[in-house]
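Data block below; observations after.
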Amino acid sequence: MSRRIVMLMGVAVVLAAPIIFAQLQPALEAEIPFTFEAGKSVLPAGQYRVTAGPSQGVIELACPDSKVRMFVGTNAVRSLETVGEGKLVFHRYGNRYFLRQIWTVGTDTGRELMSSKAEKELAHSAGAGQTVVIAVR
């Protein structure tokens, strides 16, 4: 019986590790001076806090000033070198901005949001957009 309990506790620790790790990751903060889109949502300009979400691959975007709080799915991306400064990367088409990547300082991994239908349509009709980078703290 005690052997079974120890095994179950071991499995619980392994399953909980990503959640514990995610909670230990430092939050990123950035002042975003423009309205932008993330996933299917349009978010106002403001001071944002980016943290790991409740499950692997999910991030939380929160703007206390406007009471915005949302979760969005991401995929892992990797850089060929360690990122020198944390940053949020946006794609810009005219006056529309789309959050695309989130990079943490001192790592070679980041998170990337999928292109929304609206962004794909703009990219098709307007051609290559511009890349806009916002530094995070």
Side-chain angles (χ1 to χ4, degrees):
M1 180 75 144
S2 64
R3 188 174 208 180
R4 202 177 254 167
I5 292 172
V6 169
M7 188 178 348
L8 288 173
M9 288 177 64
V11 169
V13 168
V14 169
L15 293 175
I19 295 168
I20 293 167
F21 178 75
Q23 291 173 346
L24 296 176
Q25 291 295 319
L28 305 176
E29 295 186 2
E31 179 68 34
I32 302 175
F34 44 76
T35 298
F36 67 99
E37 298 177 42
K40 295 179 181 178
S41 299
V42 177
L43 304 170
Q47 180 70 33
Y48 280 83
R49 185 178 177 97
V50 182
T51 55
S55 60
Q56 188 173 4
V58 175
I59 58 156
E60 177 183 6
L61 296 168
C63 179
D65 296 339
S66 63
K67 296 182 175 48
V68 167
R69 181 176 178 221
M70 70 164 293
F71 297 96
V72 64
T74 63
N75 294 312
V77 290
R78 202 162 210 151
S79 173
L80 295 176
E81 54 192 47
T82 301
V83 176
E85 68 175 20
K87 59 188 172 185
L88 302 179
V89 179
F90 296 84
H91 285 176
R92 177 177 169 246
Y93 303 92
N95 62 351
R96 291 179 72 181
Y97 294 81
F98 297 86
L99 178 60
R100 293 293 292 137
Q101 295 179 334
I102 301 158
W103 294 91
T104 304
V105 66
T107 67
D108 65 348
T109 58
R111 305 303 306 177
E112 184 170 66
L113 286 74
M114 298 291 287
S115 294
S116 67
K117 182 178 178 182
E119 182 179 3
K120 288 176 185 175
E121 289 172 356
L122 279 171
H124 180 70
S125 65
Q130 294 179 315
T131 299
V132 177
V133 177
I134 301 288
V136 298
R137 302 182 285 288

Which heavy atom of [X] sits nearest to which heavy atom of [Y], and what is that distance?
X      : Y      : result
Val105 : Glu85  : CG2-CA, 3.7 Å
Thr107 : Thr104 : OG1-O, 3.0 Å
Pro44  : Ser66  : CG-OG, 3.6 Å
Leu99  : Gln101 : CD1-O, 3.8 Å
His91  : Thr131 : CD2-OG1, 4.2 Å
Arg96  : Ala118 : NH2-CB, 3.5 Å

Starting at [atom1] of [X], measure out to [atom2] of [Y] and round the result to the nearest 0.5 Å.
X      : Y      : atom1 : atom2 : answer
Leu61  : Leu28  : CG    : CG    : 10.5 Å
Arg92  : Leu122 : CZ    : CG    : 12.0 Å
Arg100 : Met114 : CZ    : CE    : 8.0 Å
Arg137 : Gln47  : CZ    : CD    : 4.5 Å

Does [X] belong to the same Ile/Leu/Val/Met/Phe/Trp/Tyr cluster as [Y], with side-chain heavy atoms less than 4.5 Å apart forming each link?
X      : Y      : answer
Trp103 : Val132 : no
Ile32  : Tyr93  : no
Ile102 : Phe90  : yes
Leu88  : Tyr48  : yes
Val136 : Val89  : no

(request) Please tell me if the side chains of Asn95 and Thr35 come closer than 4.5 Å, counting only heavy atoms from C-beta onward. (result) no
(message) Between Arg69 and Cys63 (side chain of the first, backbone of the second, donor and acceptor by atom type, cut-off under 3.5 Å), is there such a pair?
(response)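 Looks like no, no N/O pair under 3.5 Å.
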Without placing hydrogens or testing angles, list every side-chain donor-acceptor pair under 3.5 Å for residues 75-84, not counting sequence neighbours.
residue : atom : partner : partner atom : Å
Arg78   : NE   : Asp108  : OD2          : 3.3
Arg78   : NH2  : Asp108  : OD1          : 3.4
Ser79   : OG   : Glu81   : N            : 3.3
Ser79   : OG   : Glu81   : O            : 2.9

(request) Take the angle between the ring planes of Phe34 and Tyr97 and call it parallel below 30°, perpendicular above 60°, tilted in between. (result) parallel
(request) Determine, step by step, whether Val72 and Leu113 satisfy the side-chain contact (heavy atoms from CB on, under 4.5 Å) criterion, reporting the C-alpha distance in whole Å, the side-chain angles of both residues, the deciding distance to 0.1 Å, and the verdict. (result) CA-CA 8 Å; Val72 64; Leu113 286 74; 3.8 Å; yes
